[in-house]
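Order of the sequence lines sets the chain letters (A, B, ...), proteins ahead of strands, with each chain counted from 1.
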There are 2 protein chains.
Amino acid sequence: MNARDTFKQLPHKTIERLSQYRRALLICLDNNKDHIFSHEIAKIQHITPVQVRRDLMLIGYSGTLRKGYNIKELIDLIADIIDSEEGIKVAIVGMGNLGRALINYFSGKRHKLSIAAGFDVNPDKIGKTVNGIPCYDCKTMSQVIQEQNIEIGIITVPDTQSTAIAKKLVESGIKGILNYTPKPVEVPDGVYLEEYDMITTLEKVAFYVKMENERTVDVAVKRQGQGTAASNF
Amino acid sequence: MNARDTFKQLPHKTIERLSQYRRALLICLDNNKDHIFSHEIAKIQHITPVQVRRDLMLIGYSGTLRKGYNIKELIDLIADIIDSEEGIKVAIVGMGNLGRALINYFSGKRHKLSIAAGFDVNPDKIGKTVNGIPCYDCKTMSQVIQEQNIEIGIITVPDTQSTAIAKKLVESGIKGILNYTPKPVEVPDGVYLEEYDMITTLEKVAFYVKMENERTVDVAVKRQGQGTAASNF
DNA sequence: TAGTAATTGTTAATTTAATAACAGTGCAAA
DNA sequence: TTTGCACTGTTATTAAATTAACAATTACTA
């Protein structure tokens, strides 16, 4: 089995972390650092140093004892693994606030991943550019995607439209969809789908805040109880 | 152990799914459905029916054989578990595209979770409202958060500011932070932190698209090889 | 009424992910 | 030169999450 096949079997979580390591490493590089220890990376990412070393072991990268990992080398290796050599083009469907936020996030950023087009139905937006990215009419979606060989679509339309947009993206030959609407979409086999729902994330935070609040109250009550009991003596 | 304590020990993933189930269920309710089967929920969420039944088992909800789950009851039970009775207030720090996108996502939505304030440093934004949410000066953050008893902060500022904002939120007494900038922040024990990085998610999609592309090529090469071999006979 | 199909609820098994344990190594200080 | 410390790299263990297996129940059909 060659290196490329090994990478195919990397755990999903490792893939995510590699992307995050790279971002942290690029910042370190900007700060003229040339080596980094596993515990430094770990601190930034809120994980353990062992986790970091294990991930790097999986991709076959070795550091130097007592010196750590060479930042530049590691960045390049991560790029070899997660980036596509030829580059991959991305389209954003829905140039509302979220779509524009994503474009701004990406603009001026490195890597082999570029946002090539935006789509919208609003005539005020069609024909204009956002941060250099042209906005096309949704009606021309298939044509633009095929002509420009765009492989990934990000859905940032109102959730009433998400199903229809996903269908259209698939028909246009898209290979991967990232759906940011709270309504799940369906795709056929062979199209990679990732859904992310901001409301769920916020509700999760709220749940654990609630738990912490109740725990704090419980502890207080318990202390109170103990105190009372103790005062009986 | 009472019911509340049981809920504390629910798997993290189950918490996330409960939030998603609820959203799907609310849509079904709007469509005048009153019961739903585990396989129907599963289909919507791209998971297995067993997973759904297991989650519902964990929260102690029973359906009716051959009739499924009562949608209204289930929605109420999920609300009991994940919502805070008194409600929880949320602040958004950074009223750029992403901050405004989040406000629009939430506005008009149900539940005990409300966005109470936005913050920004831009004088053009301060004093205005977005979808009914007032935007305050970042300088008044601590005061507003304490006065209004806001417990959760969402960070949507440029990533150069994320560290400073997180610090300020913690100092203001916030209990949970949701960081949408690509730069991880630090919080002390007792503050729940959730980080979400859109770039990582997109890079992950790109990775699996790349893998699929390579697989397809491999299969084609293999077929080609087989064909040639066969033609030797 | 007996048989069959569809569905839930639960325990068991498996898979995936994270953590712990520890051997190995090189540098620095005694 | 030796001892101890601070790292890496790897295997072993544990924990979390998912999936499989299957008993139990009900409705429907012949």
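When each of D/dA17, D/dT8, C/dT19 is scored by its nearest atom to the side-chain atoms of B/H12, the top-ranked nucleotide is D/dA17. Among the nucleotides C/dA17, C/dT11, C/dA21, the one closest to the side chain of A/V50 is C/dA21. Distances from the side chain of B/M57 to the nucleotides C/dG26, C/dA17, C/dT10 place C/dT10 closest.
A/T156 pairs with exactly one of A/T181, A/L98, A/N97 by the side-chain contact (heavy atoms from CB on, under 4.5 Å) rule, that one being A/L98.
Remark: A/S62 is in phosphate contact with D/dG9, judged by side-chain N or O atoms under 4.0 Å from OP1 or OP2. Under 4.0 angstrom from either OP1 or OP2 of D/dT18 there lies at least one side-chain N or O belonging to B/R17.
In this structure, the CZ atom of A/F37 is 12 Å from the P atom of D/dG9, given to the nearest Å. Spacing between atom CG of A/D55 and atom P of D/dT8 amounts to 14 Å, rounded to whole angstrom units. If you measure from atom CD1 of B/I41 to atom P of C/dG9, you get 11 Å, rounded to the nearest angstrom. Distance CD1 (B/I36) to P (C/dT8): 10 Å, rounded to an integer number of Å. The OH atom of A/Y61 sits 11 Å away from the P atom of D/dT8 (whole-angstrom rounding). Computed from coordinates, the A/K67 NZ to C/dA28 P distance equals 12 Å when rounded to whole Å. Distance A/L56 CG to D/dT8 P: 9 Å, rounded to the nearest Å. Atom NE2 in A/H39 sits about 16 Å away from atom C1' in D/dG9, given to the nearest Å.
Within the 4.5 Å cutoff, no side-chain heavy atoms of B/E194 are placed close to those of A/Y208.
For B/R53 and C/dT7, a side-chain-to-base donor-acceptor distance below 3.5 Å is absent, hydrogens and geometry of angles not being considered. Judged by atom type and distance alone, B/R66 does not reach the base of D/dT25 through any side-chain donor-acceptor pair under 3.5 Å.
If you find the closest nucleotide of DNA chain D to A/G63 and to B/R54, the one lying nearer the 5' end belongs to A/G63.
Residues B/Y69 and B/F37 keep their aromatic ring centres 6.0 Å or farther apart.
Salt bridge annotation for B/E212-B/R215: present, with a cationic side-chain nitrogen under 4.0 angstrom from a carboxylate oxygen.
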(request) List the steps and the verdict of salt bridge (charged side-chain N to carboxylate O under 4.0 Å, His left out) for A/R22 and B/E203. (result) CA-CA 11 Å; A/R22 170 160 70 174; B/E203 288 190 338; 2.8 Å; yes

